Amino acid sequence: MEKLFFHSIFLFCICCTNCTAQNIWEPTNGPNGVNIIDFIVERDSLLVLSGIDVGILMSNDKGKHWTKYYMGLPDSSAAANSLAEGPDGFIYAIVNSQLYKLNIGSKIWENTSHSFSIAQLLYSKSNYLYILDNHNTEIYFSNDNGLTIHRILDEKKFKKITAYSFNGYGNNYFIVDSGQSYSLYRMNDDGSEPHEILNTPNFIFGLNWHPNGYVYFYEPDALYFYKMDSSGNQFVKIQIDTGYLSNWITKITNKPNGNLLALTEKGDYESSDNGLNWVKKNSLYAVPYNIEKLFFIDSSIFIFLSRCSQMQLLRSDDNGLKWLALDSSFMHPLVFKIFNDGLGNIFARICSSNYLYTKDKGVQWENLNIPVLDLPVYDLVSTVTGNVIFLSYSSFKLYKSKNYGQSWEHFSIYNDSIFAAIGSDFKNMVIAFGDRSYISNDGGENWESIPNPPSPKYLMKTYFHPDGTVFFVSSDFSNFIYTTDKYGLNQTYTPYQFNSIKSLCITDKGLIYIVGEPKFGFQSGLFVSNNKLEDLTFISNTYLDNIVVDSSGNLYGNNMYNKCVRSTDGGFTWEDFSSGLPFEDSNSFVVDDDQNIFIGLFYDRVFKTIVPTVNPVSTKDYKTIDSVLINSNPVEHFLCLTISNKNISSGNYKIIDLNGIERLSGEFHTNQFTVDCSSLPNGMAYIQVFGAGKFYYTEKIVVVH
């Protein structure tokens, strides 16, 4: 319902905004993606997919082209929450709680008039359609193509059914959670004689039946699995000997050649002797994720898995070496992050490892083709040398591509150090943090060790100053440090610490804008510094989740209400800058070399501005405008201060030490006043000035008696 609501608003906004010439934004052609609900393969070749806002689609060329099948459904975008394929040429779907069937030859869906609330469908090889309804507490079946539906009854009344494998010919199994134990049942095709063949207090999962007559299942996070014959008489515990201390099993399934396939924490293994011996294949190393379904069609492998709170469909044509995201054929992705590479290319991340890029400002988007081998990707950077470098979160290794994902290579630095974060100025500087930290001045080709680098305990974000200073911010934006000289090779720490930093950007002229809350009780909001944080100027209480700046000095961001705003006066005032955007849920901004502004939306594509940027912001000396001039620093006895803003002629001040303890306080009633500091101990401290009850300015002082 929520998706339909957003979709309606989107259509309304598009219709309205097309009627006015005042739009600021226009959509690019991507990146594309779709929140897939279910996916099946019919007759070993026809792909059938159901997705939010796109409906039910089919492909007979392995996902290259898709055709929408909606005739007979409530509307063209009606999606099914469950699909089932039948060997009789029918496809079954639950749409809006109704059971539909489609004869592929007729291309028209038929409503069977049977209703189910929340249902899962499965078709067996013996032409039985099984339906799990009401949160998997009831089982139904039909053996006449959905004309009649029969309920499977049992005097015990099944509780939650946690796994099922309805295979036909009497080989039908399901696992029931009674609340206190778990039971494995077997039943006939028509649901008769359901009987318990195993009961255990441990949670059992991954139910898989093999035509060899064995049933396989395992416990979550277990290092072993169980094999039993179809009657439950033989019960064997099997562990895959991999040489690892831990190697949890995540899925067991069958391959077309009849071999058993086991996905584990350390890779995929294949057995041709019912699980007695295993051979590692290294072709499906996507096991950290929840793989719902796995299909083999000719020489291709299809994986339907859950990532980034949504389902994704991947295909590999080279035994798992490279994967293609088939959902990129559609619209409505979740855009998590966008950035540019200094060459005019825009990158967008729509999942933990699914990156796309455009070389023509959004006219066409291409998949970066990051291999499934090392998912997920923690971060990705690019340089003007053409290198795209990503850090694998699962292995903490660095990988590089010079051809935008056509091929990838793992590269090692100092005996293959373990890395925790990477950063880049998107030109030629790349920094990698880990047990040892390194910097590259040539786009990632050659690396130099960073002496005494920031601790990798908190993964670092990096920002580059025009003079070569590199600023490091912890990944949770809780603390702030920076390094100076030679792009990070000589490290010092800023005296300004923050309780939290929401966003940060650095202009080409060296101005640093920070949104956050400084320590020592300063008012939170937008601050600016033109001397690398030796002091800060409070600009406004505007709180921005993201902030970027163009070459003219104009600022862009999204505020706490997710509305896009712009400032043309250095952050003092802000205007609505969202005309033409269908949603306010903006996530990230980027400015390309032509000063086009790109924005990523959670429920739609990447948009770009269609109006030119405004005139440059007038140059401001933020040290003399809205500042406090100190005429006696270092301080021996008296501190003489002058407030440059003539509108502030009264207020109060505080002097606090480095621990945040207040040492002095008082009031002032003129723009110039003196503070007696004779009682202060020697050392560094801060003076805070407040005007009209609000924080106004802070300055570092050094007391020397």
Side-chain angles (χ1 to χ4, degrees), residues 37-44 46-50 55-56 58 69-74 78-176 185-195 207-209 211 230 292-293 295:
I37 303 175
D38 201 3
F39 166 75
I40 60 173
V41 176
E42 208 281 332
R43 292 182 299 180
D44 297 328
L46 184 64
L47 308 183
V48 186
L49 177 149
S50 171
I56 301 176
M58 301 185 192
Y69 281 68
Y70 64 91
M71 297 297 295
L73 296 178
N81 65 4
S82 184
L83 296 166
E85 70 280 8
D88 51 6
F90 281 90
I91 295 175
Y92 300 85
I94 299 291
V95 179
N96 295 346
S97 301
Q98 295 289 312
L99 175 63
Y100 286 83
K101 66 179 180 180
L102 170 71
N103 186 323
I104 298 176
S106 69
K107 299 183 179 182
I108 299 177
W109 289 92
E110 176 186 350
N111 191 335
T112 66
S113 301
H114 298 295
S115 299
F116 300 93
S117 56
I118 301 176
Q120 296 291 324
L121 301 178
L122 184 71
Y123 210 98
S124 74
K125 292 184 178 180
S126 56
N127 290 353
Y128 274 74
L129 175 68
Y130 294 96
I131 306 162
L132 272 70
D133 194 22
N134 291 331
H135 299 281
N136 292 1
T137 59
E138 298 176 349
I139 304 177
Y140 299 82
F141 77 90
S142 173
N143 59 353
D144 54 10
N145 295 330
L147 294 178
T148 59
I149 303 292
H150 309 276
R151 181 179 179 181
I152 298 174
L153 299 177
D154 184 80
E155 64 275 8
K156 295 181 179 179
K157 293 187 177 180
F158 303 133
K159 299 291 184 180
K160 175 73 173 181
I161 298 174
T162 59
Y164 57 92
S165 179
F166 301 146
N167 313 286
Y169 307 112
N171 298 299
N172 306 296
Y173 304 88
F174 56 94
I175 298 172
V176 175
Y185 280 84
R186 181 182 182 181
M187 70 178 186
N188 294 328
D189 291 353
D190 60 2
S192 62
E193 300 182 7
H195 58 282
L207 190 61
N208 179 67
W209 179 82
S230 58
E292 298 289 336
K293 298 179 181 180
F295 300 93

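From a predicted model like this one, the values you see are computed outputs, not experimental measurements. Numbering of residues begins at 1 and proceeds along the displayed sequence. Atoms considered below: every heavy atom in the structure, side chains included; atoms not considered: hydrogens, waters and symmetry mates.
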_Note, Ile139 side chain near Ile131 side chain (heavy atom, < 4.5 Å)_ = no
*Report yes if some heavy atom in the side chain of Asn127 is under 4.5 Å from a heavy atom in the side chain of Asn143; otherwise report no.*
no
*Identify the heavy atoms of Ser82 and Ala119 that sit nearest to each other, and give their distance.*
CB-O, 3.5 Å
*Search all heavy atoms of Asn96 against all heavy atoms of Pro74 and return the closest pair with its distance.*
ND2-CG, 3.5 Å
*Is the backbone N or O of Leu147 less than 3.5 Å from a side-chain atom of His114, with the two atoms forming a donor-acceptor pair by type?*
yes
*asked:* A side-chain contact here means heavy atoms from C-beta on lying under 4.5 Å apart; do Ile91 and Tyr69 qualify?
replied: no
*asked:* Testing Trp209, Tyr164, Tyr185, Tyr130 one by one against Phe174 for a ring pair (Phe, Tyr, Trp, His ring centres under 6.0 Å), which residue passes?
replied: Tyr185
*Below 4.5 Å, heavy atoms only, C-beta onward: do Val48 and Glu85 meet side chain to side chain?*
no
*What class does the angle between the rings of Tyr128 and Phe141 fall in, given that below 30° is parallel, 30 to 60° is tilted and above 60° is perpendicular?*
tilted
_Minimum side-chain heavy-atom gap Ile56-Leu73 below 4.5 Å_ = yes
*In Å, rounded to the nearest 0.5 Å, how long is the span from NZ of Lys101 to CG of Leu129?*
10.0 Å
*Does a donor on one side chain sit under 3.5 Å from an acceptor on the other, for Ser113 and Asn111?*
no
*Just by modelled atom types, is the Ser230 backbone N or O under 3.5 Å from a matching donor or acceptor in the Arg186 side chain?*
yes
*Would you indicate whether the side-chain heavy atoms of Glu193 and Met187 approach each other to under 4.5 Å?*
no
_For the OG atom of Ser165 and the OH atom of Tyr173, what is their distance to the nearest 0.5 Å?_
8.5 Å
*Within the distance-only criterion (no hydrogens, no angle test), does the side chain of Asp38 pair as donor or acceptor with the backbone N or O of Asn81 below 3.5 angstrom?*
no
*Taking all non-hydrogen atoms of both residues, which atom of Thr112 and which atom of Gly146 are closest, and how far apart?*
CB-O, 3.8 Å
*Examine the side chains of Tyr100 and Gln98 and answer whether a donor and an acceptor come within less than 3.5 Å of each other.*
no
*Side-chain contact test, heavy atoms from C-beta onward, threshold under 4.5 Å: evaluate it for Leu102 versus Met58 and give yes or no.*
yes
*asked:* Please report the interatomic distance CG(Leu122) to CZ(Phe166), rounded to the nearest 0.5 Å.
replied: 7.0 Å
*So which heavy atom on Ala84 is nearest to which on Ile40, and how close?*
C-CD1, 3.6 Å
_Run Leu132 and Ile161 through side chain to side chain contact (heavy atoms under 4.5 Å, CB included) and show every step you take._
CA-CA 9 Å; Leu132 272 70; Ile161 298 174; 3.9 Å; yes
*Leu99 versus Ile149: any side-chain heavy-atom pair under 4.5 Å?*
yes
*Please answer whether the main-chain N or O of Ser115 pairs with a side-chain N or O of Ser97 as donor and acceptor at a distance below 3.5 Å.*
no
_Any side-chain to backbone donor/acceptor pair from Tyr140 onto Ile152? Under 3.5 Å, distance only._
no
*asked:* Working to the nearest 0.5 angstrom, can you tell me the gap between Phe90 CZ and Tyr123 OH?
replied: 8.5 Å
_Minimum-distance pair of heavy atoms, taken over all atoms of Met71 and Lys107_ = CB-O, 3.8 Å
_Reported CG-to-CG distance for the pair Asn171 and Asp189, which is rounded to 0.5 angstrom_ = 8.0 Å
*Is a side-chain donor-acceptor pair under 3.5 Å present for Asp133 with Ser117?*
yes
*Please report the shortest heavy-atom distance between Ala80 and Ile37, naming the atom on each side.*
O-CG2, 3.4 Å
*Quick one: list whatever passes side chain to side chain donor-acceptor pair (under 3.5 Å) with Ser192, sequence neighbours left out.*
Asn188, Asp190
